[in-house]
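Report on one structure; see the data block that follows.
Values below: all heavy atoms of this structure, side chains included; hydrogens, waters and symmetry mates excluded. For ligands, and for the atoms within them, numbers begin at 1 and follow the listed sequence. Treat the numbers as computed from the prediction; the structure is a model and nothing was measured.
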Amino acid sequence: MKRSLTIAKVAGVPIRLHWSFSLLVVFVALSSPGLTRSQVASYALWLVVLFASVTLHELSHSLVAMRLGLKVRDIVLLPIGGVSEIEGMGASASVEGRVAIAGPLMSILLGGLFLGLAGLTGASLWPPTLSVLGGSWLLRIGWLNLALAAFNLLPALPMDGGRVFRSLLARRGNNLRATRVAAVLAGVLAAGMIGIALLTNDFVLILIGAFVMLGARSEWQGAKLREAVSGVRVGTVMHPETTTVPGHVPAEQVAWWLAYYPGRAIPVVDEEGRYVGIVDHHDVAAVPPGTPVASAADREAPVLAPEADLFPSALEAFQLSGRQQLAVAASGRVLGIVYRTAVTSALSRAGGMVRSGP
Ligand SMILES: [Zn+2]
């Protein structure tokens, strides 16, 4: 997510504040004109505690995702909660279920810990206190975390509870049907939330209801697309192009070749013919004449395997690298090139089939 400020990095995961956070600060400032300075201070402290709790919840998702081999891009804190941006979620129902349950488990753990500490100080734990101002901090933090857990466990996609629910349904076999059932339930719950919100004039609940409704819709569309293109592999849209260039060749010679074939890129190989990186005309134009092309090559560009899925693997590789062409290779040997346009048009054809299908 763009337009955000990185405030910390934990285990390699950047934690960012979304720009709309500034709106929350303005909202709090405007809604508290009658408060004393110490009340404003404890209001601010409450917000810090709230977002520290949300961050720990999100970190728990991220750390479990990394343990299960997924890549975590970042954690973004929004005024209505946090979002962990995890690549490849949804590829496996059981992985998704485990990542989803990790957040609420952390909140339950924190809630239990703080209520336990409050109990030790002799505070009475019941009835729950969720007041923003006043009262024992231990009790309030404890109940806050339990409330976070309960809220996130609502079985409404794309919330944690909805993901857990879907992964349990998918155990019986059909992933797409599991998503449909989970998305329909999410729609019903979201409509209920918006109905209650309209009756009680609760603006935040309207936002959350809308978030759930739109999120469930995009989960359902993503699942349909995944189903439609499942089995479509990189190899089927690959251009079987085995022209490569040895790394010692001067970049300007390659520039001349690329100028002759606009829109092309060429894989660079070492003396043994193993893939090193890829260059297009931007890469070779960026280095002084006489530079070996190996030094101009993009070595970070993802290399696709012919059996990799078009969606989401290949699409994500293009989105993350920002390149228009990527090499396809198997055990270091170049097999061909895939063009971004070939991937997107194959996906939109499949998407079109989904929309016009029964
Ligand atoms: Zn969560």
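Ring orientation note: the planes of W256 and Y260 are close to parallel, at an angle under 30° on the 30°/60° scale. In this pair, Y339 and H239 present their aromatic rings perpendicular. The plane angle is above 60°, beyond the 30 to 60° band.
Salt bridge status for D280 with R264: absent, with no side-chain N to carboxylate O gap under 4.0 Å.
For D160, the N/O/S atom at the shortest distance from the Zn ion (ligand 1) is named OD2.
Residue contacts to the Zn ion (ligand 1): E58 brings no N, O or S atom closer than 2.8 Å.
H57 contributes NE2 and H61 contributes NE2; the angle these two atoms make at the Zn ion (ligand 1) is 100°, rounded to 10°.
Looking at P302 and L326, their side chains come closer than 4.5 Å, going by heavy atoms from C-beta outward.
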